Amino acid sequence: MAGTLTLSTKTSPFPWAAAAIATYTEKAELSFDESASGVTLDFEGSKITDEAEIVRTLAKAGGLSDESTKTQTYFELAKTLPKVTAVPAILTSLDSLDDYLAFRTFLVGHDITAADFIVWGALKASVKLIGLLKNNKHVHLSRWYSYIEALDSTQLAQTSFIEAKASKARSNKTAASFALGLQNAKEGEVVTRFPPEPSGYLHIGHAKAAMLNQYFAKMYKGKLIIRFDDTNPTKERTEFEETILEDLSLLDVHGDILTHTSDYFDKLYELALQLIKEGKAYADDTEQAQMRDERFKGIASKHRDDGVEDNLKHFAEMKTGSEEGVRWCVRAKMSVDNPNKALRDPVIYRCNLLHHHRTGDKWKVYPTYDFACPVVDSIEGVTHALRTNEYRDRNPQYYWMIEALGLRPVHIWDFSRLNFIYTLLSKRKLHWFVDSGLVRGWDDPRFPTVRGIRRRGLTVEALRQFMLAQGPSQAIVSLEWDTLWTLNKKIIDPIAPRFWAIEKEGIVPVKVNGGPTTPEVKTLPKHKKNPDVGEKKTVFASQLLIEQEDALSFEDQEEVTLMDWGNAIVRKKNLDDSGKVISIEVDLHLEGDFRKTKKKITWLAAPTPEHPLIDATLLDYDYLITKKKLEENDELKDFVTPETEFREEVYADANIVDLKKGDIIQFERKGYYIFDGKSQDGKPEFIHIPDGRAASIASKAGSTADTPTPARQARAEAKKLESMKPTSDTPVDTKMYQIPQVYGDLKSVETPVETKMYKTNNIYDS
């Protein structure tokens, strides 16, 4: 970047033209400063504050073609258009633009110029103008507007604006809420705890709880306790404790103390006896279904008023695990008909005859989580218990236990449970996928487990930033994945080394006239903007390999850019009977200007014994379910995505041989990938990392077999526009996403348009 464009999200109207051309030309970096007034470009020692002048400066620096007379007209239009208030006058201007663009792609000449950005920015900044455009009466203007808006660079400008606005909100509200969020917190005295049950793997929901607990412990220079809630021998295993500790390590969460609820079984038993002796708990042998019904209806148990001696006798029988004892449980004597059903005499002790993985067969009775959690929190010195707000109805229960036993009070801090669309966090449902063989294990990249998302390429820093950005929100919503993956991209992009890979299917050999007679090896940076990433070896030769999609897009005598080399002119393109390109011949034209070519392509030198290529596999994944959120009565198997793994076989450049498992890279023009190691046949496998853009995170369910794989789809959309002109075979270079024909068969459907243009025949009709 040669300059810096300083903006504020509060500026009205927002200088969209300046922001968009800055990202398009890459001549200025966007810097959001909410204290700034207006827009300022710091460029080559000068400060420019007029948006129109900024656009001209960046257009010139970016080498955008310019016809001064016509361009000036559009700059004047952009200046006056937002000030026009009368709708008829506005419509006259829009009609004029629409008519002008009927047979034109851009406002001036055959390439995008400053005129396009300045007019687009004026429209974008006006709610009234956008509203009129949405009336669909200016189809040519709308098509042009949508094209500018769909450019990757424009999308980047808009995303930066949204994130800056969100960051402003967080700095004003969320950060303050964090600082004040823990009631009566004192520096050096705060103790938090993360209490997982050792019965499975941690998922992204657990990650939020773990990270928030560590965040507050560090903020107040306190302590974090990792406590295994091992009160249910039916589910728990020692190996799960080990995997949970590994998961926490993957999240960079490290406790100061490691404990178990089972460390306090003796104390918990004594306190249960205390409650019984004080008449605050009783033994009950009501059948489970009947107890559930009575609690729901507010009916007292027949044993609620039994004497202390009878209750103690039954509890003692429970402790032996006898046939009589296992029929009973112990319930806290809170309320029969409290509107909060969590307070209707909950069970606090029950029998379980299974072997406990730590205490063996010593105990036949175990405390419930609702009883053990507040007690152990108080005993261990926890000052603030962080709980998801799904436990909110149980908070009074938590406080009752502590008060009834006369224990030290603990503050509860609620936060919202983390839910994502198309994502299951239920341990039971995730087990079903594993048991059914639909995934390869708990670390499958399609799983929301900590291991799964880390294997997919999600960084700890992105996860941490995302969790903290959620803050103390109480909203229970299913979140989109885009924000999380966008954060992740910002973290990996500056440090991910760049490599090339060419899809094997339909690969096209290219003869380069003027290329080296024998292959030459040059040293190039792995990341053009960050030399610290290191260097790589690139082979230059007269025989290259390119992808079929690129080859198909070439026009005869077209000048294209071979990335990291220079320009070349397409002299010959040989096709087979099906229209598939089988070979291409180009003339090297290194004196050509890469800024004037529309197509910049990746390539690889054809392999030789001295310079081989690497066979590799690129993997991409879909969501496991086809519905954004499963309802309680939905049958899981009815919503399983038919195909969730997509494989693309490629040749990759030899530089990838030095990668280690877990390394994150970018295959240029394909996306970000994480090296997942080698398959059984020794082939390197790379998992695609979503980047937050719609195409990379959208559900792919329902796609047909001949639909391009997700890794290829984005660049295919950026190369051609055939879908917008279904009756023509003429390829068009564009960054627009593909859309189905809105009006169906253009030859049979009349689409009247209000226009002042004379009527002409469709140029694509034969």
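Residue numbers count from 1 along this sequence. All values derive from a computational prediction rather than experimental measurement.
Ile584 and Ala551 get closest at one heavy-atom pair: CD1-CB, 3.6 Å. Among all heavy-atom pairs drawn from Ala496 and Gln666, the shortest one is CB-N, 4.2 Å. For the pair Ala18 and Ile54, the tightest heavy-atom approach, listed with the atom from each and the gap, is CB-CG2, 3.9 Å. Among all heavy-atom pairs drawn from Val439 and Arg446, the shortest one is CA-NH2, 4.0 Å.
By the 4.5 Å heavy-atom criterion applied to side chains, Leu458 and Trp485 are counted as neighbours. The closest side-chain heavy-atom distance from His140 to Arg104 is not below 4.5 Å. Residues Leu97 and Tyr100 form no side-chain contact, since every pair of their non-hydrogen atoms from C-beta on lies 4.5 Å or further apart. Considering only heavy atoms from C-beta on, Phe646 stays 4.5 Å or farther from Leu618 through its side chain. Residues Leu562 and Leu544 are in side-chain contact: their nearest non-hydrogen atoms beyond the backbone lie under 4.5 Å apart. The closest side-chain heavy-atom distance from Glu26 to Lys529 is below 4.5 Å.
A salt bridge does not link Asp556 to Lys573: none of the charged nitrogens lies less than 4.0 Å from a carboxylate oxygen. Taking 4.0 Å as the cut-off between side-chain N and carboxylate O, Lys683 and Asp615 do not count as a salt-bridged pair. For Lys596 and Asp111, the salt-bridge test fails: no basic side-chain N is under 4.0 Å from an acidic carboxylate O.
Considering only residues two or more places apart in sequence or on other chains, Trp500 meets the ring-ring contact (aromatic ring centres under 6.0 Å, His included) condition with Trp603. Take Glu559 and apply the salt bridge (Lys or Arg N to Asp or Glu O under 4.0 Å) test, not counting sequence neighbours, and it matches no residue.
The six-membered or imidazole ring of Phe161 lies near that of Trp16, with a centre-to-centre distance under 6.0 Å. The ring of Tyr673 has its center no closer than 6.0 angstrom to the ring center of Phe499.
The backbone N or O of Phe43 lies less than 3.5 Å from no partner atom in the side chain of Lys27, so there is not a single donor-acceptor pair. Counting only distance, with no hydrogens or angles, the side chain of Arg456 and the backbone of Pro690 share no donor-acceptor pair below 3.5 Å. In terms of modelled atom types and a separation under 3.5 Å, the side chain of Gln548 and the main chain of Val581 share a donor-acceptor contact. With hydrogens and angles ignored, the 3.5 Å screen pairs a side-chain donor or acceptor of Asp116 with a backbone N or O of Leu107. Under a 3.5 Å cut-off, the side chain of Glu585 and the backbone N or O of Lys572 do not form any donor-acceptor pair. Looking only at distances, a side-chain donor or acceptor of Asn530 sits under 3.5 Å from a matching main-chain atom of Pro494.
For the pair Lys522 and Phe540, the cation sits on the ring face: its NZ or CZ lies under 6.0 Å from the ring centre, inside 45° of the axis. The cationic group of Arg56 lies under 6.0 Å from the six-membered ring centre of Phe75 and within 45° of the ring axis, placing it in a cation-pi geometry. Lys660 forms no cation-pi arrangement with Phe675, by the criterion of a distance under 6.0 Å to the ring centre and an angle within 45° of the ring axis.
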**Study point:** Stepwise side-chain contact (heavy atoms from CB on, under 4.5 Å) test for Leu30 and Leu156
**Key:** CA-CA 10 Å; Leu30 301 188; Leu156 175 60; over 6 Å; no
Practice item. Report the C-alpha separation of Val560 and Val586 in whole Å, then their side-chain angles, then the decisive distance to 0.1 Å, and conclude whether the side-chain contact (heavy atoms from CB on, under 4.5 Å) test is met. Key: CA-CA 10 Å; Val560 299; Val586 301; 5.7 Å; no
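Distance CD1/Ile21 to OG1/Thr57: 9.5 Å, rounded to 0.5 Å. We find the CD1-CD1 distance between Ile665 and Ile689 to be 8.5 Å, quoted to the nearest 0.5 Å. Between atom CD of residue Gln72 and atom CG of residue Leu77 there is a gap of 11.5 Å, rounded to the nearest 0.5 Å.
Each of Lys599, Arg669, Lys670 was scored for a salt bridge (charged side-chain N to carboxylate O under 4.0 Å, His left out) with Glu547, with one residue passing: Lys670. The residue from Thr523, Leu524, Asp653 that alone fulfils the side chain to side chain contact (heavy atoms under 4.5 Å, CB included) condition with Lys537 is Thr523.
More than 12 heavy atoms of other shown residues, nucleotides or ligands fall within 6.0 angstrom of atom NZ in Lys600.
Side-chain contact annotation: Asp493 with Tyr672, donor-acceptor N/O pair under 3.5 Å present.
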